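Predicted model, so just to flag it, every value in this text is computed and none were measured. Lettering follows sequence order; numbering is per chain, from 1.
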Protein chains: 2
Amino acid sequence: MTKGRVTLKDLARDLGLAPSTISRALSDHPAISEATKKTVKDRAEELGFTPNSIAASFRSKKTRSIGVIVPRIDVHFHSRVISGIEEFSYKSGYHVTIFQSHDSYKREKEIVKILQTKMVEGVIICLAMESRIFDHLKRLNNLKVPQVFYDRTPENFLTNKVNIDDYESSYTATEHLIDVGCRRIFHIAGNQSTGIFRKRLEGYKAALADNGMMFRDDFILTTKNLSYEEGADCARRLLQLPDLPDGIFCANDYTAVSIIQAFNKAGIKIPEQVAIAGFSNYPISRIIEPSLTTVNDRAFQMGEAAAKLLIRQIEEDDADIIDYQTITLKTELIVRESTKRI
Amino acid sequence: MTKGRVTLKDLARDLGLAPSTISRALSDHPAISEATKKTVKDRAEELGFTPNSIAASFRSKKTRSIGVIVPRIDVHFHSRVISGIEEFSYKSGYHVTIFQSHDSYKREKEIVKILQTKMVEGVIICLAMESRIFDHLKRLNNLKVPQVFYDRTPENFLTNKVNIDDYESSYTATEHLIDVGCRRIFHIAGNQSTGIFRKRLEGYKAALADNGMMFRDDFILTTKNLSYEEGADCARRLLQLPDLPDGIFCANDYTAVSIIQAFNKAGIKIPEQVAIAGFSNYPISRIIEPSLTTVNDRAFQMGEAAAKLLIRQIEEDDADIIDYQTITLKTELIVRESTKRI
DNA sequence: CTGAAAGCGCTTACAG
DNA sequence: CTGAAAGCGCTTACAG
């Protein structure tokens, strides 16, 4: 026995069989007899044989590894997506290597290069905020490494995408506010350079239009990052208005929570005077008082869907066929106290 | 040129040099002349040469890959630790492959086996709640794969550990409650089968003792998971007491927030009647009203420290020397409204 | 059903 | 400073 690890060759020598036979027996090749398989597997177990999958990957060109690039792992949304990715990948026999771009284009480019050397079989990525150029990703494409984008996805670049229906979700949330009697509905909007936030604004507009309500520019407060602090700032501006809104649809939960707190403090009754809806279903949305009506963003399912799509593309053998897919997950509106007017 | 990727051999042929020279030039081997290095690197760039690091790993037995096992990625604490691990590892040229045990011993065992076949050079792990037997990890040890544990660490098993000082942190938090005038301080305790929660209880006890206060068994409410719901339950029990506590030290933030809300509703003034301190510094602790005094658990730094320790152990060449380390990070008490009585 | 042989793309002693 | 050669531990056509 060589020092340390037992290799497949060691096993072969031990059993008086060819290495090729051992290899096939261990991977349940149909040509090998059941008897041999059993002998080999038992002996492998006894000797504590651990296959070196790096050697196997090197030889077979299959690493069964997926690269994931997110802006930050500790952003709750991303950690949930990653959890979904890991879960589905694990069940499918793939493993997941994670990198953070910190929203830097330079770092994203570096990571993509590393991913290439690591021979990952596919990549799931949420673009860095800074990324405007996609050459690094097109290059991956040329190397036939499938990619799936989520959340922040490239425009003008044909590829695989997984998203929720931001437009429809916002439409539903806004219509819900209308249904509970709101007539002056404001929108706290996200950065309009990001597609999903544009869509959330569009959904809001469409719901108003379809219900015969006028869209007004001054009902939109646009923020940079939809941060808690920006939410407080929006609340301040709203409270100075001659006419308060009677409904607010916020493009995320942080701003919604912030506004709820400011309004609570100002003695404004939620939902009686102002109904508020958010977006994401972050843990805090059910803890805040009143609890927040919000859109469940299904981050975990997005991760699962992304992994599923990616692995299908990896395992599809038709290298010539390029069929990019865009998966859109349905969301649900979770109605809580902040809009329960009736 | 072979179809698809350019290999090191292709480069060698192209330049009329030996593959060994190319290999050395690319890795800045001191024996190679600057002129040759430049020629090689420039040509590599031109031809779009991407080194196959799987081949390199296979040959050199260095994968520069670290396995990370956590119960769940989407638990905020773990996602922050992972973020710290990734950050430090990336800077050190290592990459991080992540697995979730879902607190299952069986799955943890499976993952450890996979990690062995993947030839990771080290493992960072937060034990599954279920894990009582450590044979799978001892086996890793025998294979000379360094391990670092964090948060939930094995007892009676010599290894590397990274933790915060739970005892000291709880002592400080409790003493802070005493300093602001509390005399009937209750403790919401975590599951006592977990080391860190035992230590938090101990710290609480010690602070009482050192300040001449009696420890009373009935001042301890023990929970299973320190969940938000269990916090509400604790609050209910506290509110039924003939004498309310005047201070509560909670072993995490969820229970603290839950109690704050219940007390708010019951018309009990925080901090005037009851001062409350938590543990973790979760985002919600600064949003809740009144904002929560809590211990910053330094999860990101734990991840960094774990990665740093692990990588040092990987790169230490003295295979014969076994020097297990335990790193304890200092925490800080973040004082907010919930204890500001003076 | 089993085996002999080639080779994946690198790195690394050894030699000069 | 550069090169020739061996080989890491597997898998996979090819052959019988």
Value in whole Å for how far the [atom2] atom of [N] lies from [atom1] of [X]:
X: A/Asn52; N: C/dC8; atom1: CG; atom2: C1'; answer: 13 Å
X: B/Leu17; N: D/dG3; atom1: CG; atom2: P; answer: 5 Å
X: A/Lys38; N: C/dC1; atom1: NZ; atom2: P; answer: 17 Å
X: A/His29; N: C/dC1; atom1: NE2; atom2: C1'; answer: 10 Å
X: B/Lys61; N: D/dG9; atom1: NZ; atom2: C1'; answer: 7 Å
X: B/Leu15; N: D/dC1; atom1: CG; atom2: C1'; answer: 16 Å
X: A/Ile54; N: D/dT11; atom1: CD1; atom2: P; answer: 13 Å
X: B/Leu8; N: D/dG7; atom1: CG; atom2: P; answer: 20 Å

Please check the phosphate of [N] (OP1 and OP2 only) for any side-chain N or O of [X] closer than 4.0 Å.
X: B/Thr21; N: D/dG3; result: yes
X: B/Ser23; N: C/dC10; result: no
X: A/Ser20; N: D/dT11; result: no
X: B/Ser33; N: D/dT2; result: yes

What about B/Arg24, does its side chain sit under 3.5 Å from the base of D/dG3 through a donor-acceptor pair?
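Such a pair is found, so the answer is yes.
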Under 3.5 Å, is there an N or O donor on one side and an acceptor on the other linking the side chain of A/Arg5 and the base of D/dG9?
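In this structure, the two groups form no donor-acceptor pair.
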Quick test of the criterion, 5.5 Å between centres and less than 30° between planes. Is B/Phe58 stacked on C/dC10 or not?
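Stack criterion not met.
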Under 3.5 Å for both donor-acceptor distances, Watson-Crick or wobble: does D/dG3 have a partner, and if so which one?
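Across any shown strand, D/dG3 pairs with C/dC14.
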Can A/Arg107 and B/Glu87 be counted as an ion pair, charged N to O under 4.0 angstrom?
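Looking at B/Glu87 together with A/Arg107, the answer is yes, because their closest N to O distance falls below 4.0 Å.
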